Every structure is written in structure tokens, then in C-alpha cells.
Peer 1: 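Shown below is the structure under consideration.
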Amino acid sequence: MFENYRKFETELAGRPLTVEVGKVAGLANGSCLVKYGETTVLACATASEKPREGIDFLPLSVDFEERLYSAGKIPGAYLRREGRPSEKAVLTARVIDRPIRPLFPKDLRNDVALTLTVMSVDPDCSHEITGMIGASIALSISDIPWNGPISGVKVGIVDGVPVINPTKAQREVSTLDLTVASSEKKVVMIEAGANEVTDANMFTAIMMGHEANGELLKFINGIIAEVGKPKFDFPSGELDHDMVEEIFAFCENDVMFALDTNDKNVRDARMVPVKDAIIEKFSEKYPDVEAQMDELVYKIQKRIVRRWLLEDGKRVDGRRLDEIRPLASEVGVIPRVHGSGLFTRGQTQVLSICTLASIDMAQELDGIDDQTEKRYMHHYNMPGYSTGEAKSTRTPGRREIGHGALAERSLIPVLPSVDEFPYAIRVVSEVVSSNGSTSQGSVCGSTLALMDAGVPIKAPVAGISCGLITEGDRWMTMIDIQGVEDFYGDMDFKVAGTHKGITSIQMDLKIDGLTPEIIKEALEVTHKGRDYIIDEVLLKAIPAPREEVSEYAPKMITVHIPVEKIRDVIGTGGKVVQKIVADTGAKIDIEEDGSVYISAVNRDAAYEAKKIIEGIIFEPEVGAVYTGRVTRIIPIGAFVEIAPGTEGMVHIKDLEYKRTEKVEDVCQVGDMMTVKCLGNDERGRLNLSRKACLERE
């Protein structure tokens, strides 16, 4: 039945990797079923027959579909089916998109859709890597024009040693979560989260991943040689070469003047009459020139910016290649919020707001891996006004989700543990002005906001980007790229970290890859840049986290109780804990391990709730002496509360050494009394003695 069926097998990091072709999804341009260990991903690549009209870009979509059946789960949503992609699915799609996109022909305008469906999950075998390998193979064996293949692996560091595709147990103790994608000769994508890993160790891990990819590419090329299809021809979407050259000669000097400023608004304003002049002069000869203006201006400006950099070492704003834009930072910008920080770098400005809440406000996750919640949430917003555009607010797109996740990953390594700081933490980065590197600006602004909120972070984190211009074998890097350099350059190499080491990397490329020399230099220049930002900007705004959280933030207290006492604190139907909440106004969250988190805006209320809970779990020690309040009197003795909810009786004979006629002769309700614990009687009642604490007369 499956006459075109082929099965290919190899081993990757000690686990079997199997690729099946010709069995399913036969109507796609290219498809394969990839199994790594017991992780299974169906990869399908399709393309439209004709190019899309009126666009100047490749309409590529990459969708990473998490099916919860792959992990033996039923979706928790009301309809019990998968809805919009999870943030992790979006981030995985972006990780796969980035190494694939630059390898398509620049003039391809056909719609290309890459769909990666996770069908089963083996915790020891990354579904992200399985999907990336499947995407590469599906495109490579299809008839869709693409200059692959690429391969991808993960690299961890366990006990100081780099490990390719670490298992679940190894990932839990690894100080690095690195994804490296490579072509045969170059590194095409780097994505990393790290626990302050040094530049040297990061470079070693990247090169180790690159080497592992080389071996895997031999396997992929074998598949292509056996089942690959010839690539289809397509009409080029490039602009007419003669038209571009003629218009470039006409407006070159005017565009150079327009670009020669550090102010984005000035640059845009200067370009308006240039565009008008082009339309006036060339619309008769080239009727489509107005419709093609955006792509035309892009090509003209790109040529000038790259020429300035490569030939003159000149940047559009006049900076040196190793010079950072003017910096400023401020904390406590917004009243009443729990913490705020404003970070400015040139015309890029990010305002980050930190909110603290009780631990039950941690985000619940419904995904295909084992993570069920996270206590630190970082969200990124970039409204139209930040770039001077008049557009309405939309729900967060893939870019916003990606930038928020990058900042989140950058800061997680320096956050205190739950035991040290029992709060759920949310930071929102509002991009109020954008001219390049807003994601790294949000890292810096969020460090300020966390410190202003009194979060005892281990060290401040700064982020900065490194750009690249290449021409043949010539190349040069530049620090802190602004928007126009990102737009027309070849690389955006973002690195965040502390003085000690790297906490995150994200690399975007427009070329076919990086050499080891470029990677090493990018790590060096970004390290210098973040050190400067930390010392000269962040720590001058706030030298250390505030010692107390905001008066508007909840005050948190953690109590650890024996697991067997949890039922006593909760009470039947929750009556006990509900009464504590009603009486004190505090919020109480009890975990299965006996951790009790108490929160209240009023610190006294939190401590009152703690006192009640400690009283409930209190177990008197025989022979110990306690001071308590007399709560009631009966003819044969007095009841004394030695802890909240715990009282015992002092028998009339144990009040004094001498004979006592009436209990009231010794004490009254409300009196404080020091007593010794005698233990429980045969009925389990607590017996106390005042007499044992008195000296015999």
C-alpha cells in the first residue's frame, strides 16, 4: 500500500532517531514522521502554487501544535479541546522559524506553511529538537525552494560538563538550556537560558552543539539523496534591477542626508520629500513605483547604511562601533504600584512595573511537559505609539510573547527561591518608545522594577545586543544596534547576564550562518556592554534591592507545619482556616508538603494569623513551663490557654502548696498565669500546675 515508504534510522545522544517518509500526509509538498526515543512529531511542509500578489516578503508560517494526548492528558479548557497555542508552543515555533527563514530564496513570494504536530512525548527526548529536525527534513525533501538542510540539538552543562540533548534528570540539574541550530559549515541559530554561565563555557557549549549537528546533517543528507524532490521554479519577486539602480542614482545624496541623524522622527520626516520626488519623477516610466516604494526605500537605505559601516566605520547616529547610546534609569516612577523602573537607551524607552502577590497567584500551565505552574511571569507590550504609528491595541502577538519570555528567562536565574521570598511575581514591560533593542531594554528596566519592589535578587541583570555587517569574507560587529541597524544588518545577537555570567541568549540572523570567530567576538562585546550598564546605570539608580516591600504590597509569612497537622488547620469543610481568614483578614494558602503561606497588606494581620496557626499545631511538652491566660473557672480548677486554641486545666490542688478553698481566691478570668505541663490524663485532657512553678514556703 505504501510503495514510497522509506524508513531511516540513526542514533542521537545515545537514543534512537527514526524518520519515516511516504507513510502519512502524502498530499503535502514534503512530510515525515520523526521519532526520537518515544517522542513523535509529524512535520509537513506545503507551498502555494502561485506567489502572493502585492507583497515584498516571504509569507512563511511555522506552527508548532501541542496535542495534549501526546502526554496522556485531556485539555482543562471548558470545551476539552486544544485552543490557541500555548506560550511554549509559540516560543518553540519561533525557535524553529529563526534558523529556517534565512535559507529561503530572498525573492520567493509563494506562501509556505510548516506544520509540526507533537503526537507523543518522551520526557528524555526534546520535542523542540524533534520538531526542528522534522522541519528541516520535510522542507529538504519537498519541492519547495530552500537552501537547507539544518540540524538542531540542545546542550546542557551537568556537573561542569557539556551534555548533548540532556535527559529529564540531567535538565533538572543543568546550569544551561542551550539550543544550537547549524548548517554544514555555520551556526544559524542560538537560543539559551543559563544560570550565569561564563562566556568561555558558553562558547564551548555552542561549538559542541555545532559539532553534534554536523554528524546529524550527514544522516539528513542521506535521506535527501534518496527521496528528495527537484525544487520547483518560481517567478522572482525581486524589484527590477535597472529601476532600482536608476532611482538610487537619483536620490542617493538625499537619502544619505535623511539617514544621517540619531533621531528616528527626523529621519522619517526627511524621507517624506524624497519619496514624493521619486514618485513625481519616475511614476510615468515605472507605473508601480508608488506601490513598490517601501521595498525600494528599504533597498536604497540598506545599501547606504551597510556601505557606511563597512567602508567608513560610520554609524547613522555618529557613534563608534563599540559605543552605547546615551543611557538613563530611574526607579519609583509610578506611585502605588509595588515597584517600577524606567530604562532609556537612546530613543528606546521601557517602563517596567513589578507586582507581588500571594503564591497561589502563580500561573497554572496546561501543556505537554511536566511543568504545571510558574511563579514568575514577565509580559511585554509594544503599542503603536512607541514607534509613532497610529494603530489600535491588539492582543499580544508572537513577537510580544517571545520578547516577554526572553526577559523572563533572563531574570529567573537571579530570583530568590520561594522559601526566601514567598511571593508570586509579575513584571510587565511597557515599551513607551522604540528604536531598537526593546527586549534587552525590558531586561534592564525589569531589574530596576524588581529591586524597587524589594525583591532580593542575587545580582542585577542587564541586556544588550550586538549587530553584524558582512560582505564576502569581510565582517564587523557593532554594539547596541538601533532600529535601522537591526533592519539593514545581518544579525541581532542579544545577550543578557550579570557580572558573573550569561543568563540568556537569542540570536536572529538574515544570513546563512555565523563562524566561530563572529560568535566569540559577539560574546566579548556584549559582556563589556552589560558590565558598563550594570555599574554605570542600574546600580546608580538603585544600589541594592529595597529592604522592605511596598506598603501597598502584601506582607508574606511562611510557616512550615507537620503534614499530619494540615487537616487540623483546615478543619472540617475548611471551617477552621475560613475562620482564621475572617478573623484576621489574611489570605492563607496551604501546600501538600505542609508549607503555609500567609499574606496580608497589614503586617499585624499576617502575624496574627500565624499565631493562630502555630497555636493549632502546638503540642505541649511535658515538664515545660508556659505562661497563659485564665479563660474560665470551675469549682475544681482554672482553665489556662497556653497557646491559641490550646488550653489545659490547673486543678485546685495544683494552684498552691497550701490548701485552696476557692479557685477565685488565687485567680480571676483574664489573669496571666505561669504553669508547668504535667501531660495528658487518661481521657486526653491537658493537665497543668501552677504550684510546680512556685517556691515552697
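Keep in mind the model is a prediction, meaning the values are calculated, not measured.
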Peer 1: Does Arg306 come within less than 4.0 Å of Asp490, counting only side-chain N to carboxylate O?
Peer 2: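 Yes, charged N to carboxylate O under 4.0 Å.
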
Peer 1: Do Val255 and Phe248 have side chains that approach each other closer than 4.5 Å (heavy atoms only, starting at C-beta)?
Peer 2: no

Peer 1: Between Phe257 and Val274, is a side-chain contact (heavy atoms from CB on, under 4.5 Å) present by the stated rule, with each step listed?
Peer 2: CA-CA 10 Å; Phe257 171 73; Val274 178; over 6 Å; no

Peer 1: With a 3.5 Å distance limit and no angle check, can you tell me whether Ser136 reaches the backbone of Met132 through a side-chain donor-acceptor pair?
Peer 2: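 Here the side-chain-to-backbone pair does not exist.
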
Peer 1: Is the number of heavy atoms from other residues, nucleotides or ligands under 6.0 Å of Asp233 CG greater than 12?
Peer 2: no

Peer 1: Would you check if there is a donor-acceptor pair between the side chains of Ser446 and Ser429 at a distance under 3.5 Å?
Peer 2: yes

Peer 1: Is a side-chain donor-acceptor pair under 3.5 Å present for Ser410 with Ser504?
Peer 2: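 The answer is yes; a qualifying pair exists.
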
Peer 1: So which atom in Gln482 and which in Val316 form the shortest heavy-atom distance, rounded to 0.1 Å?
Peer 2: NE2-CG2, 3.3 Å

Peer 1: Between Gln292 and Tyr286, is a side chain to side chain donor-acceptor pair (under 3.5 Å) present by the stated rule, with each step listed?
Peer 2: CA-CA 10 Å; Gln292 297 171 333; Tyr286 302 111; over 6 Å; no

Peer 1: How far does NZ of Lys186 sit from CG of Leu514, to the nearest 0.5 angstrom?
Peer 2: 8.0 Å

Peer 1: For Glu211, does the CD atom have more than 12 heavy-atom neighbours from other residues, nucleotides or ligands under 6.0 Å away?
Peer 2: no

Peer 1: Would you find more than 12 non-hydrogen atoms of other residues, nucleotides or ligands less than 6.0 Å from Lys231 atom NZ?
Peer 2: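 It does: Lys231 NZ has more than 12 such atoms within range.
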
Peer 1: Heavy-atom count check: over 12 atoms from other residues, nucleotides or ligands less than 6.0 Å from Glu290 CD?
Peer 2: no

Peer 1: Please collect all salt bridge (charged side-chain N to carboxylate O under 4.0 Å, His left out) contacts where either partner lies in residues 291-304, sequence neighbours excluded, each pair once.
Peer 2: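 As it turns out, the salt bridge (charged side-chain N to carboxylate O under 4.0 Å, His left out) pairs with a partner in residues 291-304, which skip direct neighbours, are Arg109-Glu295, Glu238-Lys299, Glu245-Arg303.
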
Peer 1: Do Asp492 and Lys510 pass the salt bridge (charged side-chain N to carboxylate O under 4.0 Å, His left out) test, and can you show the C-alpha distance, the side-chain angles, and the key distance before you say yes or no?
Peer 2: CA-CA 9 Å; Asp492 184 4; Lys510 298 175 185 173; over 6 Å; no

Peer 1: Any donor and acceptor pair, going by atom type alone, linking the side chain of Lys185 with main-chain N or O of Thr515 inside 3.5 Å?
Peer 2: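 Flag not set: sc Lys185 to bb Thr515 has no pair under 3.5 Å.
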
Peer 1: Looking at OG1 of Thr447 and CD1 of Ile533, how far apart are the two atoms once the value is rounded to the nearest 0.5 Å?
Peer 2: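 Output value for this atom pair is 10.5 Å.
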
Peer 1: Given Ser236 and Asp107, is the side chain to side chain donor-acceptor pair (under 3.5 Å) satisfied, shown in steps?
Peer 2: CA-CA 5 Å; Ser236 173; Asp107 54 346; 2.7 Å; yes

Peer 1: Does the side chain to side chain donor-acceptor pair (under 3.5 Å) test come out yes or no for Thr387 and Glu389, once each step is laid out?
Peer 2: CA-CA 6 Å; Thr387 55; Glu389 298 176 81; 2.5 Å; yes

Peer 1: Could you walk me through whether Lys494 and Val443 pass the side-chain contact (heavy atoms from CB on, under 4.5 Å) check?
Peer 2: CA-CA 11 Å; Lys494 310 179 188 79; Val443 172; over 6 Å; no

Peer 1: Before accepting this row, confirm whether a basic side-chain N of the pair Arg6/Glu226 lies closer than 4.0 Å to the acidic partner's carboxylate O.
Peer 2: yes

Peer 1: Could you tell me whether Arg319 and Asp480 make a salt bridge, using a distance below 4.0 angstrom between a side-chain N and a carboxylate O?
Peer 2: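 Looking at Arg319 and Asp480, the cut-off is met.
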
Peer 1: Thinking salt bridges, do Lys520 and Glu517 make one under a 4.0 Å N-O criterion?
Peer 2: no

Peer 1: Could you check Lys154 against Glu128 for salt bridge (charged side-chain N to carboxylate O under 4.0 Å, His left out), going step by step and ending with a plain yes or no?
Peer 2: CA-CA 9 Å; Lys154 280 190 174 288; Glu128 174 187 306; 3.4 Å; yes

Peer 1: Over all heavy atoms of both residues, which pair between Val62 and Arg398 is shortest? Give the atoms and the distance, please.
Peer 2: O-NH1, 2.6 Å

Peer 1: Of all the heavy-atom pairs spanning Ile464 and Arg345, show the shortest one and how long it is.
Peer 2: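 Distance-wise, the nearest heavy atoms are CG1-NH1, 3.8 Å.
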
Peer 1: Any Lys/Arg nitrogen of Arg409 or Asp177 sitting under 4.0 Å from an Asp/Glu carboxylate oxygen of the other?
Peer 2: yes

Peer 1: Which pair of non-hydrogen atoms, one from Asn435 and one from Arg325, has the smallest distance, and what is that distance?
Peer 2: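 Between these two residues, the closest heavy atoms are O-NH1, 2.9 Å.
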
Peer 1: Taking Asp254 first and then Arg270, would you say they form a salt bridge - that is, a charged N and a carboxylate O separated by under 4.0 Å?
Peer 2: no

Peer 1: Quick one: does Asn147's side chain have a donor or acceptor within less than 3.5 Å of a partner on Leu103's backbone?
Peer 2: yes

Peer 1: Which pair of non-hydrogen atoms, one from Ile469 and one from Tyr488, has the smallest distance, and what is that distance?
Peer 2: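 Shortest heavy-atom separation between Ile469 and Tyr488 comes out as CD1-O, 4.3 Å.
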
Peer 1: In this structure, are over 12 heavy atoms from other groups packed under 6.0 Å from Phe234 atom CZ?
Peer 2: yes

Peer 1: Might you work through the side-chain contact (heavy atoms from CB on, under 4.5 Å) test for Phe343 and Val537, ending with a clear yes or no?
Peer 2: CA-CA 9 Å; Phe343 179 79; Val537 185; 4.0 Å; yes

Peer 1: How long is the span from the CD1 atom in Ile137 to the CD1 atom in Ile224, to the nearest 0.5 Å?
Peer 2: 8.0 Å

Peer 1: To the nearest 0.5 Å, how far apart are OG in Ser151 and CD1 in Ile129?
Peer 2: 8.0 Å

Peer 1: Keeping Gln440 on the side-chain end and Ser465 on the backbone end, is there a donor-acceptor pair under 3.5 Å?
Peer 2: no

Peer 1: What pair of heavy atoms forms the shortest contact from Ser48 to Asn110, and how long is it?
Peer 2: O-ND2, 3.0 Å

Peer 1: side-chain hydrogen bond (donor to acceptor under 3.5 Å, both in side chains) with Tyr380: which of Arg399, Glu400, Glu430?
Peer 2: Arg399

Peer 1: Rounded to the nearest 0.5 Å, how far does CD1 of Ile190 lie from CD1 of Ile505?
Peer 2: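 Nearest 0.5 Å value for the CD1-CD1 distance: 6.0 Å.
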
Peer 1: Considering residues, nucleotides and ligands other than Arg474, do more than 12 of their heavy atoms fall under 6.0 Å from its CZ?
Peer 2: yes

Peer 1: Do Val432 and Tyr385 pass the side-chain contact (heavy atoms from CB on, under 4.5 Å) test, and can you show the C-alpha distance, the side-chain angles, and the key distance before you say yes or no?
Peer 2: CA-CA 7 Å; Val432 293; Tyr385 65 75; 4.1 Å; yes

Peer 1: Any salt bridge linking Glu191 with Arg94? Criterion: basic side-chain nitrogen under 4.0 Å from a carboxylate oxygen.
Peer 2: no

Peer 1: Under the 3.5 angstrom rule, does the side chain of Arg52 hit a backbone N or O of Pro59 as a donor-acceptor pair?
Peer 2: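 No.
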
Peer 1: Restricting to salt bridge (charged side-chain N to carboxylate O under 4.0 Å, His left out), what partner residues turn up for Glu521, sequence neighbours left out?
Peer 2: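 Glu521: no salt bridge (charged side-chain N to carboxylate O under 4.0 Å, His left out) contacts found.
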
Peer 1: Can a donor-acceptor pair be found, under 3.5 Å and without considering hydrogens, that links the side chain of Lys229 to the backbone of Ile141?
Peer 2: no

Peer 1: Rounded to the nearest 0.5 Å, how far apart are CD of Gln347 and CG of Asn262?
Peer 2: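 One finds 6.5 Å between CD of Gln347 and CG of Asn262.
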
Peer 1: Give a yes or no on this: more than 12 heavy atoms of other residues, nucleotides or ligands lie within 6.0 Å of atom NZ of Lys281.
Peer 2: no

Peer 1: If you apply the rule salt bridge (charged side-chain N to carboxylate O under 4.0 Å, His left out), what do you find for Arg315 with Glu323, and how did you get there?
Peer 2: CA-CA 10 Å; Arg315 304 178 74 168; Glu323 185 178 352; over 6 Å; no

Peer 1: Indicate yes or no for a side-chain donor-acceptor contact from Asn213 to the backbone of Val180 under 3.5 Å, with no hydrogens or angles considered.
Peer 2: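 Indeed, once roles are kept as given, a pair shorter than 3.5 Å links the two residues.
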
Peer 1: Is there a donor-acceptor contact under 3.5 Å from the side chain of Asn29 to the main chain of Ile144?
Peer 2: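 A pair under 3.5 Å: no.
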
Peer 1: For atom NZ of Lys106, is the number of surrounding heavy atoms from other residues, nucleotides or ligands below 6.0 Å larger than 12?
Peer 2: yes

